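Inspection log for the structure reproduced underneath, given as structure tokens.
Position 1 is the first residue of the sequence; numbering continues from there. This one's a predicted model, so the numbers in the text were calculated from it and none came from an experiment. In each ligand, atom 1 is the first atom listed, and ligand 1 is the first ligand listed.
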Amino acid sequence: MKGIVLLGAPGAGKGTQAKLIAGRYSLPHISTGDILRSNIKEGTQLGRLAKSYIDEGKLVPDEVVVAIVRDRLAKPDCENGFLLDGFPRTTAQAEELDKFAQVTHAVDIEVDPAEVVKRIAGRRMCRCGESYHISSHSSPYCDKCGAELYQRDDDKEETVAKRLEVYAEQTAPLIGYYRDKGVLFGVNGMKSVDEVFAQIAEVLDGND
Ligand code: AMP
């Protein structure tokens, strides 16, 4: 049973690696950011609440995201393991998670802060869930479904600075939290997508 959480600054490549990990290990990929964004799109009450925080680059309150994750992990597809992407983001969230799930691997994707800014500024998303970088994908359309790509509102420069500050203050301490528990695995995120994934696979295969 694998209970994986992905750590790393915004733009470190968590979403990209999460898709690869979920595919290889047949784990449900649970991204709190994706869940919140789909609620915003559908205009739910949760979406309206989350939008005000997300647009400012702030974190949605702990109790809101903890409830989302608790409900999601209770679903049958999580019985044999799970992959969390973007959660936990605060020590309080990590402590809550420990009450209802067992984290076996906290994989920290390590990247230089300067690289992160470049990656986020060039990131383009598709509503089907794909994401691209303008340096390797110049077309404004998605290769998978043909829809027009867009830039996440919170990927715009003004908000990115705030998100990085929030990461350093509130999320980076989780590295120590999981190191103390003996489940932290750092990988070098400054490599290609395939190379980063190879490091992660080595970690996950080596610790059953
Ligand atoms: P992400 O797609 O993971 O970068 O998340 C986008 C935004 O959603 C974040 O900047 C936060 O505003 C919000 N969010 C996602 N996950 C969490 C979380 N675990 N705790 C608080 N806010 C979150």
Just so I know, are the side chains of Ile68 and Leu36 near enough to count as touching, which here means a heavy-atom distance under 4.5 Å?
yes

Report all protein residues having a heavy-atom distance below 4.0 Å to some atom of ligand 1; order the list by chain, then number.
Thr32, Gly33, Leu36, Arg37, Ile54, Lys58, Leu59, Val60, Val65, Gly86, Phe87, Arg89, Gln93, Arg152, Asp154, Arg163

Hey, are the side chains of Leu184 and Leu7 touching, using non-hydrogen atoms and a 4.5 Å cut-off?
yes

Does any donor atom in the side chain of Glu110 or Asn188 lie under 3.5 Å from an acceptor atom in the other side chain?
no

Does Arg89 offer a backbone N or O that forms a donor-acceptor pair with the side chain of Thr171 under 3.5 Å?
yes

Tell me whether Lys51 forms a cation-pi arrangement with Tyr53, defined as NZ or CZ under 6.0 Å from the six-membered ring centre and within 45 degrees of its axis.
no

Cation-pi check, Arg124 onto Tyr150 ring (under 6.0 Å, within 45° of axis):
no

